[in-house]
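Contents: one structure, followed by commentary.
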Amino acid sequence: MSDGVGPAASSGGRHSIPGARPRGVVRAVIAGVVAALLAGVGVSWVLTHRESVGSAAGGSGTGSTAGCLNPVEVRVATVTEYQAFVESLGRSFASTRGGGDGACAKVVVTSSPTLAPPAPTDVPPTVFIGSSPDLQDLRTKLASAALASPAPVVVGRTYTVVATPAADFAKNGWDAKTPSWAELSAAIVPPTGAPGTSVVMADPATSFASQAAMASLIATAQGNSTGQVNVAGMSAVNVELVVLGVGRAAGTPAKNQSDLLGRVAAVTSGSGAAKGTVAFLDELAVLGYNKAHPDQRLRAFYPGGTASGVDIAVMNVTGEKIPGPEQTMAAAFGGYLATANGRAALLAAGLRSTGTDTATMTADSGLSTTSPQQDRPLPNPAVRFALNLAWGMLQNPGRYLLVLDVSGSMKAKVPGTTKNKLQLAQEAAATGSAMMPPNGEIGFWEFSTKIDGKRDYIELVPMRKVSAVTEGRSQLELLQKALAALKPVDGTALYDTALAAYTQMVKTYRAGTANFIILVTDGKNEDPGSPTLAKTVANLRAASVSGNPVPIYTIGYGADADATALKAIATATGGEYYQALDPRDIGKVFFEALMPR
């Protein structure tokens with residue numbers, strides 16, 4: 001694919017093996033894996049002259065009024081994000097009688113996550129409404145459905161905003177100083193890994209507002225506070241932490257605009273999260289929400305005075321499949337939006353006439369009365385592709401078993417710090433695991449020679465979902481408690497532990513998600529009763545099950561780690577070997593290994 005998406009070079013160096021296959025949520029994007037966007041029709045409305053009749057997805061709606069027995073249908077297709085906005089335009093147009101020849105209009109609005117040409121057997125829309133870039137792209141594809149269109153006509157502009165309940169706005173001190181994107185990122189993804197500000201958002205694959213917000217957060221993590229995301233730099237650890245952290249703060253994204261605003265309503269009507277909640281919306285959504293919820297209003301702001309704006313456009317459709325009267329009425333609909341009444345309807349819905357127009361940005365609307373100081377660029381196709389895939393993978397984060405060496409050598413002090421190797425590894429594991437989304441699964445083993453009688457390993461935390469609660473404690477709390485209690489003891493029992501962990505994960509394999517092991521050690525096998533390396537590799541291969549891959553990602557911690565053995569174990573299971581020659585780098589390397597999808 002063009003636009004900067006293609007195979008990425010390995011990070012190499014001391015953190016990974018040169019030439020190793022890139023890993024990670026975003027590394028998979030750079031490797032060029034194609035993600036399918038959501039498809040299917042969402043909600044539809046039928047709006048007839050002086051009458052509005054609603055119908056659910058897949059249903060049908062009809063309506064007529066006295067003197068309007070045979071209305072001409074205007075079929076408007078839009079994205080789910082703009083469904084309420086377009087519905088209001090359709091209602092306004094239908095109420096004006098429509099065509100100048102006395103014909104009346106029935107406006108049918110359908111929404112779907114993305115705009116696409118209709119299937120050959122579908123009744124085609126007569127009008128598309130969406131972002132200007134999307135419509136320009138769609139226009140080139142209509143020929144496949146034997147349809148055509150003049151150039152889209154821009155009818156207004158909207159900006160992305162970050163919105164929060166008024167109480168949370170004050171709670172975070174944002175009424176005194178609007179946060180920058182960097183400050184907002186730190187609030188959502190605290191450096192300590194502790195819970196931060198919650199997020200309400202839709203899937204970036206189907207939401208311009210979510211996509212633009214994620215791009216702004218990622219560009220900021222790359223040190224670019226106002227520009228475009230650098231796709232080639234999306235494999236950086238700090239960028240992956242932002243993606244994972246926002247994913248954790250948001251949980252499962254909203255399915256559609258109705259679901260999204262329903263979640264916002266639940267937040268504004270309750271006590272809210274301890275660290276507050278933010279929603280990634282656009283000005284249209286905020287204005288519409290505040291009109292419907294005058295007692296539970298949102299406050300919207302542009303982080304750092306910057307925001308991404310998009311032109312909203314209308315595009316009529318022509319072709320032999322569309323009867324002449326329908327084409328005429330569709331043209332009348334587009335023409336109506338240029339009239340005084342049409343412009344008033346656009347402004348009433350919250351659309352700007354230009355980027356600097358603030359006619360609808362009143363203080364009681366919840367929107368800023370001034371325009372953003374600077375427009376952030378829209379995510380380009382390469383960035384949108386990367387974000388869509390990364391987020392899709394994030395929603396299925398997999399299940400992983402952490403296997404950590406607690407042999408005596410782990411108590412060695414690390415030069416340049418006040419901590420030993422085990423303490424640094426504990427911190428890296430605790431912080432990294434805290435980034436796992438709630439639907440991920442985590443388990444934890446420790447190992448050293450005969451740590452459990454005849455066994456070289458102990459299962460300290462059984463495999464469970466991150467969101468699981470056991471005896472009043474969350475899975476993450478149990479994991480962090482277990483990590484904090486570790487004590488270095490005895491020698492390294494690498495081979496038996498690797499085989500036991502692999503066998504357990506193969507036995508409990510869960511289809512449809514990634515199953516993997518992260519094994520961290522600073523030494524070499526010191527258990528004289530264990531099999532040889534060659535026998536261990538043979539046993540690993542024998543224990544594998546076709547179609548149920550369980551890669552082991554091994555991390556050699558410090559200069560004394562047995563690189564040969566760790567490479568062999570990783571290779572035998574389809575995993576990779578990572579190095580942290582300097583123990584102070586264990587956090588960076590752990591995050592790299594934690595991203596296999």
Side-chain angles (χ1 to χ4, degrees), residues 8 10-28 31 235 237 240-241 244 393-394 396-405 425 428-433 435-436 440-447 457 463 479 492 494-495 497-506 508-510 513-525 533 536-537 540-541 543-544 548-558 561-581 583 585-597:
S10 169
S11 56
R14 65 186 180 187
H15 298 312
S16 59
I17 301 304
R21 182 163 52 96
R23 307 300 304 177
V25 172
V26 192
R27 292 181 183 82
S235 60
V237 170
E240 291 186 335
L241 285 176
L244 285 169
M393 289 181 169
L394 184 62
N396 187 15
R399 56 195 299 266
Y400 92 92
L401 178 63
L402 171 62
V403 181
L404 182 60
D405 181 358
T431 303
S433 298
M435 293 294 102
M436 285 288 285
E441 296 180 50
I442 300 177
F444 175 44
W445 291 13
E446 65 173 343
F447 73 97
Y457 51 88
M463 182 72 66
L479 175 64
T492 302
L494 177 60
Y495 298 161
T497 301
L499 180 59
Y502 182 77
T503 302
Q504 174 70 8
M505 286 291 283
V506 169
T508 60
Y509 184 88
R510 184 163 68 82
T513 192
N515 297 252
F516 59 100
I517 298 167
I518 294 181
L519 187 152
V520 183
T521 182
D522 72 333
K524 60 182 179 180
N525 187 68
L533 175 59
T536 298
V537 168
L540 287 168
R541 289 174 174 158
S544 65
N548 294 357
V550 180
I552 300 179
Y553 298 95
T554 57
I555 298 178
Y557 186 22
D562 188 342
T564 299
L566 294 174
K567 290 177 188 177
I569 290 169
T571 301
T573 59
E576 289 179 17
Y577 168 57
Y578 294 82
Q579 282 183 306
L581 291 179
D585 290 334
I586 184 60
K588 298 177 185 178
V589 178
F590 185 85
F591 291 136
E592 289 184 18
L594 185 58
M595 304 301 164
R597 297 288 181 265

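Predicted model only: the values in this text are computed from it and were never measured. Quick note: residue numbers are just sequence positions, from 1.
Nearest approach of Pro583 to Gly558, heavy atoms of both residues: CG-CA, 4.4 Å. Between Ala498 and Ile552 the shortest heavy-atom distance is O-CD1, 4.1 Å. Pairing each heavy atom of Phe444 with each of Leu404, the nearest pair is CE1-CB, 3.8 Å. Residues Met463 and Tyr400 share a closest heavy-atom pair of CE-O, 3.4 Å. For the pair Ala429 and Leu402, the tightest heavy-atom approach, listed with the atom from each and the gap, is CB-CD2, 3.6 Å. Heavy atoms only, all atoms of each residue included: Thr492 and Gly523 are closest at OG1-CA, 4.3 Å.
Put simply, CD on Glu576 and CD1 on Ile555 are 11.5 Å apart, with the number rounded to the nearest 0.5 Å. In this structure, OG1 in Thr573 is found 11.5 Å from CG in Leu499, a value given to the nearest 0.5 Å.
Of the possible donor and acceptor atoms, none in the side chain of Thr497 sits under 3.5 Å from a partner among the backbone N and O of Leu494. The backbone N or O of Arg541 sits less than 3.5 Å from a side-chain atom of Ser544, completing a donor-acceptor pair. In this structure, the side chain of Asn515 does not engage the main chain of Val506 through any donor-acceptor pair within 3.5 Å.
Side-chain contact between Val520 and Ile586 is present, with at least one heavy-atom pair separated by less than 4.5 Å. The closest side-chain heavy-atom distance from Asp405 to Asp522 is below 4.5 Å. Looking at heavy atoms from C-beta onward, Arg510 lies in side-chain contact with Glu441 at the 4.5 angstrom threshold. Put simply, the side chain of Ile517 reaches to within 4.5 Å of the side chain of Val403, judged on heavy atoms. In this structure the side chain of Leu479 reaches within 4.5 angstrom of the side chain of Ile442, judged on heavy atoms.
Taking the six-membered ring where tryptophan is involved, the planes of Tyr553 and Phe516 are perpendicular, since the angle between them exceeds 60° and thus also 30°.
A side chain to side chain contact (heavy atoms under 4.5 Å, CB included) with Ile569 is found for one member of Thr564, Leu519, Thr554 and no other, namely Thr554. Residue Tyr457 forms a ring-ring contact (aromatic ring centres under 6.0 Å, His included) with just one option from Trp445, Tyr495, Tyr502, Phe447, and that option is Trp445.
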Quick one: do Asp562 and Asn525 satisfy side chain to side chain contact (heavy atoms under 4.5 Å, CB included)? Show the steps, please. CA-CA 8 Å; Asp562 188 342; Asn525 187 68; over 6 Å; no
